[in-house]
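Contents: one structure, followed by commentary.
Computed over heavy atoms, backbone and side chain alike; hydrogens, waters and symmetry mates excluded. Source: prediction; values computed, not measured.
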Amino acid sequence: MGLKGTAAIVGYAEWPHVRRYTDEKRFTIDQWAELTKLALDDAELSVDRVNGIVCSEIREADMFTPATIVEYLGRPVNFAERVDLGGANPVGMIWRAAAAIELGIADVVVCATPGRPIPSNPNRGPVDPRRYFQSSSHKWGSPQAEFEIPFGNLAQNCGYAMIAQRYAAEFGYQPEALAKLVVHQRESAALNPLAAFYQKPVTTDDVLSSRMIADPLRMLEIVMPVAGGGGVVVANKEIADQCPHSPAWITGFGEHLTMKTPTFAQDLCRSPVGPASEKAFEMAGISRTEIDACEIYDCYTITVLLTIEDAGFCNKGDGMQFIQEHDLGFDGDFPVNTHGGQLGMGQAGAAGGMTQVIEGARQIMGRADDRQVRSCQNVYVSGTGGIMSEQAALILQGN
């Protein structure tokens, strides 16, 4: 059971990633409309071909989100879904679009993650407790409200640092290896005009001398929020064959959730991306050795390390050595985040936006310019929501 591989990414749009103090402020639904148009233009498709959308949350509607977007676009659809997986949203959106297309529910589905600032509300209400407490749930009855907020076990920096500390206790820790990961990604970002750190490579010493934020994670190992956003068009085979770009076929996916916060994790060093990746590779019918590039969700360096291990590219506990022994650049023997990742581009949109998915499609289409991977036909993409809590994997393949 699984996908037949008859749905493909045929077009995309991605805004430059810039620091959030940009003066350009637009409502989320307006951003959705522009990303839809840009992505459709890239695929040379008209809006009247669209009969499906997949979205995440938008600022203008707490409920009936898909209907709000469809109403604004002025385009009725046969399929609409809202995905709530944090940083796993983009991967989750793409496979859901592919599944709907293979079922015959839709022919062309748009997935978008706007990430530019919105206009200030002149009628501001009280401070959002989720932001004040740096938690995802403050409501009465929530385990987080009862067991975490009162004791300060909150926010992403603390959670990922706790995972890194546990990894160090179990397997040892090499700061130089994770610094090397950052260096390779920033080298790719330096070649990516859309990246916030375009033309700004770093050295290992730069990473290791950057300020300690949450031991053992340093500033350059932690993603920087930026303004940006992306959109993707997924279409059936008949339409894909007519589009101008080589399609990126969606052949395998997996999704696995275990908890919401690390407080309730059974094992901090073994993440849900393991089962998700196993399902994705099994569905696609390819092996790890056939992967030409990995676009791995990288909110923190420890996220990439665990994903490399849990996805099966090396054994558990060997990730540090694996990174040291391989060239992770776009022209290396194990390309990782050839666009710079979020550590090189910045984190835009719904917990990272479409950057990993779009770069995977871009590489297969042969549109990555100076950072193009040679003979790129098979790409692994991952998504991570929460604090290693909800994870998804995707396999994209060329013709």
Side-chain angles (χ1 to χ4, degrees), residues 13-39 47 53-75 77 80-90 92-93 110-142 144-145 148-149 152 154-158 194 196 222-232 260-261 299 342 345-355 385-387 390:
E14 190 166 31
W15 285 324
H17 285 201
V18 296
R19 293 179 183 272
R20 284 200 178 277
Y21 49 69
T22 174
D23 291 331
E24 186 175 9
K25 297 180 179 181
R26 301 169 63 181
F27 288 111
T28 316
I29 49 176
D30 187 34
Q31 296 179 43
W32 235 99
E34 182 176 335
L35 287 169
T36 297
K37 182 182 186 305
L38 292 172
V47 70
I53 68 163
V54 188
C55 63
S56 56
E57 66 175 10
I58 61 173
R59 298 290 184 89
E60 294 79 28
D62 294 327
M63 297 173 61
F64 309 118
T65 306
T68 302
I69 294 171
V70 168
E71 177 184 73
Y72 192 81
L73 294 178
R75 177 62 196 162
V77 298
E81 187 160 352
R82 171 179 170 174
V83 182
D84 183 16
L85 296 172
N89 274 349
M93 289 178 178
V110 175
C111 310
T113 55
R116 287 177 172 170
I118 64 170
S120 299
N121 186 349
N123 303 308
R124 290 184 179 179
V127 175
D128 186 342
R130 293 175 298 176
R131 296 187 179 277
Y132 182 80
F133 290 120
Q134 283 292 290
S135 67
S136 56
S137 178
H138 64 285
K139 294 185 177 180
W140 179 252
S142 158
Q144 193 169 42
E148 297 184 273
I149 290 176
L154 300 166
Q156 285 71 26
N157 288 347
C158 298
L194 298 177
I222 299 173
V223 74
M224 178 180 71
V226 297
V232 169
K260 189 170 77 169
T261 67
C299 47
Q342 294 174 57
M345 286 193 72
Q347 188 182 77
M354 283 285 177
T355 56
I387 303 175
E390 42 198 359

### Query
Atom NZ in Lys260, atom CD in Glu390: separation rounded to 0.5 Å?
9.5 Å
### Summary
Nearest heavy-atom contact between Gly346 and Val223 is C-CG2, 4.3 Å
### Query
How long is the span from the CD1 atom in Ile58 to the CZ atom in Arg82, to the nearest 0.5 Å?
8.5 Å
### Message
Give me the atom names and distance for the closest heavy-atom approach of Ala33 to Tyr72.
### Response
CB-CE2, 3.9 Å
### Query
Around atom CG of Asn121, are there more than 12 heavy atoms of other residues, nucleotides or ligands at under 6.0 Å?
yes
### Summary
Value for CD1 (Ile53) from CZ (Arg75), rounded to nearest 0.5 Å, stands at 12.0 Å
### Query
OG of Ser142 to CD1 of Ile149: how many Å apart, nearest 0.5 Å?
6.5 Å
### Task
Measure the shortest side-chain to side-chain distance between Cys111 and Met354 over non-hydrogen atoms and say whether it is less than 4.5 angstrom.
yes
### Query
Is a donor on one side and an acceptor on the other found under 3.5 Å between the side chain of Glu60 and the backbone of Ile29?
yes
### Gly229 versus Ala348, closest heavy-atom pair with distance
N-CB, 4.0 Å
#### Entry: Minimum heavy-atom distance between Gly86 and Pro90, given as atom pair plus value
O-CD, 4.3 Å
### Message
Go through it in stages, so that I can follow the logic: the residues are Leu38 and Glu14, the test is side chain to side chain contact (heavy atoms under 4.5 Å, CB included), and I'd like the CA-CA distance, side-chain angles, deciding distance and then a yes or no.
### Response
CA-CA 9 Å; Leu38 292 172; Glu14 190 166 31; over 6 Å; no
#### Entry: Sidechain N-carboxylate O distance under 4.0 Å for Arg26, Glu34
yes
### Query
If every non-hydrogen atom of Ala145 is compared with every non-hydrogen atom of Lys139, which pair is closest and at what distance?
CB-O, 3.5 Å
### Query
Does the side chain of Val54 reach to within under 4.5 Å of the side chain of Val83, using non-hydrogen atoms?
yes
### Task
For Val18 and Val226, work out which heavy atoms get closest and say how close.
O-CB, 3.1 Å
### Message
One pair to check against side chain to side chain contact (heavy atoms under 4.5 Å, CB included): Gln156 and Cys299. What are the steps and the verdict?
### Response
CA-CA 9 Å; Gln156 285 71 26; Cys299 47; over 6 Å; no
### Summary
OG1 (Thr28) and CZ (Arg116) are apart, to the nearest 0.5 Å, by 12.0 Å
### Query
For residues Thr65 and Glu57, is any side-chain donor paired with an opposing acceptor at under 3.5 Å?
no
### Query
What distance separates Thr355 OG1 from Leu194 CG, expressed to the nearest 0.5 Å?
10.5 Å
### Query
Can Met224 and His17 be said to form a side chain to side chain contact (heavy atoms under 4.5 Å, CB included), step by step?
CA-CA 10 Å; Met224 178 180 71; His17 285 201; over 6 Å; no
### Query
Would you say the side chain of Thr113 lies within less than 4.5 Å of the side chain of Met93, judging by non-hydrogen atoms?
yes
